[in-house]
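Presented below is the structure to which this report refers.
Quick note: numbers below take in every heavy atom, side chains included, and nothing from hydrogens, waters or symmetry partners. By convention in this document, chain letters (A, B, ...) are assigned in the order of the sequence lines, proteins followed by strands, and residues within each chain are numbered from 1.
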There are 2 protein chains.
Amino acid sequence: MTTAAPQTRIQKRNREVILNAALEVFSTHGFRGATLDQIAAAAGLSKPNLLYYFGSKDAIHIALLEGLMETWLAPLKEIDPKGEPVEELVAYVLHKLQMARDFPRESRLFANEIVQGAPRIAPQIDGLLKALVDEKAAEIARWVEEGRLAPVDPHHLIFSIWATTQHYADFDVQVRGILRPKGTEHFDAATEFLAAFYRRALTPA
Amino acid sequence: MTTAAPQTRIQKRNREVILNAALEVFSTHGFRGATLDQIAAAAGLSKPNLLYYFGSKDAIHIALLEGLMETWLAPLKEIDPKGEPVEELVAYVLHKLQMARDFPRESRLFANEIVQGAPRIAPQIDGLLKALVDEKAAEIARWVEEGRLAPVDPHHLIFSIWATTQHYADFDVQVRGILRPKGTEHFDAATEFLAAFYRRALTPA
DNA sequence: GAAGTGTTTGACCAGACGGTCAAGATCACG
DNA sequence: CGTGATCTTGACCGTCTGGTCAAACACTTC
């Protein structure tokens with residue numbers, strides 16, 4: 001799959017610079033909308049130099065997605081089946097919301113890819129992602145059976161959490177167009193809203 | 001703005017055919033990813049013929065977005081400030097979910113546009129959309145004041161409804177990769193989940 | 001400081017893409 | 001059925017874009 005880790009310090013530095021520039025460009029224009037010239041300019045390198053480090057436009061995109069997938073799913077793994085159900089889930093919601101605020105580019109990169117049918121990461125979704133989600137869904141189902149959580153479909157619960165939190169990154173312009181915040185203050189209101197909302201909906205009767 | 005309505009029956013038919021084909025192509029590839037050749041092929045017309053009806057690729061895209069915006073927002077207008085708060089909102093959620101199932105292309109078209117910064121419809125968001133949302137948010141706020149709805153931030157409530165419902169259209173491949181439904185059965189579970197979820201979260205204590 | 005490896009780039013290419021144009025086909029209507 | 005307006009298309013154009021290549025440059029090691 002991925003080629004062996006970069007060896008020289010120059011390689012390491014430039015690969016990082018390129019991936020960062022590519023994240024910026026891909027996330028705002030989509031794969032097809034991004035050009036190598038844009039990425040090269042953002043990275044401060046020449047186009048042929050880009051292609052010296054990554055063989056093709058595709059290779060950059062794939063490297064980005066693969067490198068980010070794990071980071072992106074990490075919070076889900078941290079849900080502790082031994083913890084208090086409602087608080088574990090609310091904490092997960094808030095963690096995801098924080099990521100939407102702090103890493104909107106990463107969120108939009110995935111959004112772009114998935115909206116267009118995930119042509120490049122479908123395998124990862126059907127494999128790694130499905131396995132992890134199914135596992136966590138089973139843990140949540142157990143909580144429901146034990147009566148420690150309001151009765152909910154675990155899969156759809158997870159989808160709703162992804163949707164409500166990533167919305168603030170993916171649909172940022174729309175949210176901003178409506179709320180007109182100066183900076184990221186609206187994330188405070190979102191935090192409060194989502195915490196209260198999920199706590200109400202998940203606390204067993 | 002838009003040129004006068006089509007006159008001849010051929011014009012009417014072909015404009016419709018083109019917009020339908022363009023919806024298909026733009027929604028799956030994004031603006032930049034779509035080509036006039038693809039749209040022409042999908043419409044069963046030659047490329048120059050496309051450009052006879054719509055002067056440019058941009059014109060097709062804009063015509064689509066403008067034509068769809070109203071349909072897309074219609075359900076929000078139907079929330080009746082004189083109705084029963086919780087049921088009005090739950091009905092809105094289910095209506096939006098139904099649209100995600102029946103018109104996923106329209107949803108993805110907007111998603112594509114907004115994720116990439118809404119370069120072509122920012123004005124509409126800042127104008128028409130903001131006005132309507134603010135109006136409806138005020139009505140919801142009134143319900144909260146009257147104690148007929150659990151205390152929630154109306155704007156963020158609306159965002160959450162958009163997010164949770166459109167998720168099933170925009171992130172369709174991801175949902176399908178995880179749930180592996182044969183057709184659209186999973187929308188039944190989603191309906192049940194969202195109805196119960198919003199009812200629990202919105203019913204005043 | 002020579003030699004070999006790793007890095008950078010200007011010039012270039014082939015294909016794709018949005019758009020034009022002039023000529024031909026078809027339609028509406030008196 | 002003739003004639004003007006509407007509709008359709010093959011051929012073509014300029015630009016953009018992903019990618020190549022050979023030559024130049026830099027860095028490390030002995």
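- Taking every heavy atom of both residues into account, B:P119 and B:Q116 meet most closely at CD-O, 3.6 Å.
- For C:dG19, its base never sits under 3.5 Å from the side chain of B:K57 at any donor and acceptor pair.
- For the OP1/OP2 pair of D:dT28 and a distance below 4.0 Å, the side-chain nitrogens and oxygens of A:R9 include at least one atom meeting the criterion.
- Summarising the geometry, the separation between CZ on B:R13 and P on C:dT26 is reported as 14 Å, rounded to the nearest angstrom.
- Distance B:K47 NZ to D:dC13 P: 14 Å, rounded to the nearest Å.
- Closest contact between the side chain of B:S56 and the listed nucleotides D:dG10, C:dT9, C:dG19 involves C:dG19.
- Here the P atom of nucleotide D:dG18 and the CG atom of A:L36 are 4 Å apart, to the nearest Å.
- Close placement of the B:Y168 and A:H156 rings is indicated, their centers lying within 6.0 Å of each other.
- Residue A:R32 is classed as a sugar-phosphate contact, given heavy-atom separations below 4.0 Å to backbone atoms only.
- Of all heavy-atom pairs between A:H167 and B:A163, the closest is ND1-CB, 3.6 Å.
- Regarding A:K12, its NZ atom lies at a distance of 19 Å from the C1' atom of C:dT7, rounded to whole Å.
- Taking atom CZ of residue B:R15 and atom P of nucleotide D:dT6, one finds them 13 Å apart after rounding to whole Å.
- Among the protein residues, A:I10 comes within range of the sugar-phosphate backbone only, with heavy atoms under 4.0 Å from sugar or phosphate atoms but none that close to a base.
- Using a 4.0 Å heavy-atom criterion, one finds that B:A59 contacts no nucleic acid atom at all.
- Residues B:L129 and B:Q124 form no side-chain contact, since every pair of their non-hydrogen atoms from C-beta on lies 4.5 Å or further apart.
- Put simply, B:Y52 has a side-chain N or O that comes within less than 4.0 Å of OP1 or OP2 on D:dC7.
- Phosphate proximity of D:dC7 to B:Q11: present, with a side-chain N or O under 4.0 Å from OP1 or OP2.
- One interatomic measurement links the two molecules: CZ of B:F31 to P of C:dG18, which rounds to 8 Å at whole-angstrom precision.
- Under the 30°/60° scheme for interplanar angles, the aromatic rings of B:F193 and B:F197 are found to lie parallel.
- Side-chain atoms of B:N14 lie closest to D:dT8 of the nucleotides D:dT9, D:dC21, D:dT8.
- Between B:T8 and D:dC7 there is a side-chain N or O to OP1 or OP2 distance below 4.0 Å.
- Of the two residues near DNA chain C, B:T35 and A:N49, the one whose nearest nucleotide lies more 5' is A:N49.
- Whole-Å rounding puts the B:D37 CG to D:dA11 C1' distance at 14 Å.
- As rounded to whole Å, 13 Å separates atom P of C:dG10 from atom CG of A:L50.
- Within the 4.0 angstrom heavy-atom criterion, only backbone atoms of the sugar-phosphate kind lie near A:Y53; the bases stay farther away.
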